[in-house]
Amino acid sequence: TPQLQMGNGAVGAPSYSFTGGTNTGIYQASAGNFAIACSGTQVGLWTASQFTSAVPVTIPDGSTASPGLRFANDTDTGIYRGVTSNEILFSTGNANTFSLTSVDATLSNASTSQTRLNVTNSSNSTTYRLELGGSASVASSTVIGNGNFGIYSSAASAIVHRWNSTQNLAQNGTASL
């Protein structure tokens, strides 16, 4: 089969260039790799395993249903820009599940009544869990990941502490020790 072949080129003189800018185009950076040059500067390099950019990469803002940075086989999961400036949101399964701003990080889960944030220290396997929507059987805030110690709200204006899987102290004026 006939092939169209050119010389390897170089960053300052790409093999495929333009009459109006002979130092802008595509060239072979090394065996099996190609690059793009703009005004004699390499701005992107493709290898068999990755793409490396030498300049900032701009992606579309996106949305919950169609994040700007997403996966080929899961197009409603990824990262997108919020409706306000300086807000980054994470979408999983077409739901906003995590957002970051300069002042806070928010974890949300619209699909169930409970939202969990687990933070694990990998050196000693200690887990701290913040679980919203807790109950007497599942604490809203759990330490050591086993669910035996925590804090939850049993009713409006009532905070309950429990340890060893037993309600031990209620902050609404009653206590059982």
Exercise answer: donor-acceptor pairs, residues 57-64 side-chain atoms, under 3.5 Å, sequence neighbours excluded:
{"unit_1": "Ser63", "atom_1": "OG", "unit_2": "Ser66", "atom_2": "N", "d": "3.1"}
{"unit_1": "Thr64", "atom_1": "OG1", "unit_2": "Tyr80", "atom_2": "OH", "d": "2.7"}

Distance from [X] atom [atom1] to [Y] atom [atom2], nearest 0.5 Å?
{"X": "Phe90", "Y": "Leu69", "atom1": "CZ", "atom2": "CG", "answer": "9.0 Å"}
{"X": "Gln28", "Y": "Asn33", "atom1": "CD", "atom2": "CG", "answer": "8.0 Å"}
{"X": "Met6", "Y": "Ile26", "atom1": "CE", "atom2": "CD1", "answer": "7.5 Å"}
{"X": "Ile36", "Y": "Tyr16", "atom1": "CD1", "atom2": "OH", "answer": "11.0 Å"}

Where is the tightest heavy-atom contact between [X] and [Y], given as atom of each residue plus distance?
{"X": "Ala29", "Y": "Leu45", "result": "CB-CD1, 3.7 Å"}
{"X": "Pro14", "Y": "Ala37", "result": "CG-CB, 4.2 Å"}
{"X": "Val11", "Y": "Thr41", "result": "CG2-C, 3.7 Å"}
{"X": "Thr77", "Y": "Pro67", "result": "C-CG, 3.8 Å"}

Keeping the roles fixed (side chain from [X], backbone from [Y]), state whether a donor-acceptor pair exists under 3.5 Å.
{"X": "Ser53", "Y": "Gly44", "value": "no"}
{"X": "Asp76", "Y": "Ala65", "value": "no"}
{"X": "Ser91", "Y": "Gly78", "value": "no"}

Quick check: are there more than 12 heavy atoms from other residues, nucleotides or ligands sitting under 6.0 Å from CZ of Phe71?
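Check fails, neighbour count at 12 or below.
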
Given the rule in the side-chain contact (heavy atoms from CB on, under 4.5 Å) test, do Asn86 and Ser102 qualify, once you have shown the distances and angles that lead to the verdict?
CA-CA 7 Å; Asn86 304 317; Ser102 60; 5.6 Å; no

Please answer: with hydrophobic residues joined when any side-chain heavy atoms are less than 4.5 Å apart, are [X] and [Y] in the same cluster?
{"X": "Val55", "Y": "Phe34", "answer": "yes"}
{"X": "Leu89", "Y": "Val83", "answer": "no"}
{"X": "Ile79", "Y": "Leu100", "answer": "yes"}

Taking side chain to side chain contact (heavy atoms under 4.5 Å, CB included) as the test, write out the residues that go with Gln5, two or more places apart.
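Once residues adjacent in sequence are excluded, the partners of Gln5 under the side chain to side chain contact (heavy atoms under 4.5 Å, CB included) criterion are Gln3.
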
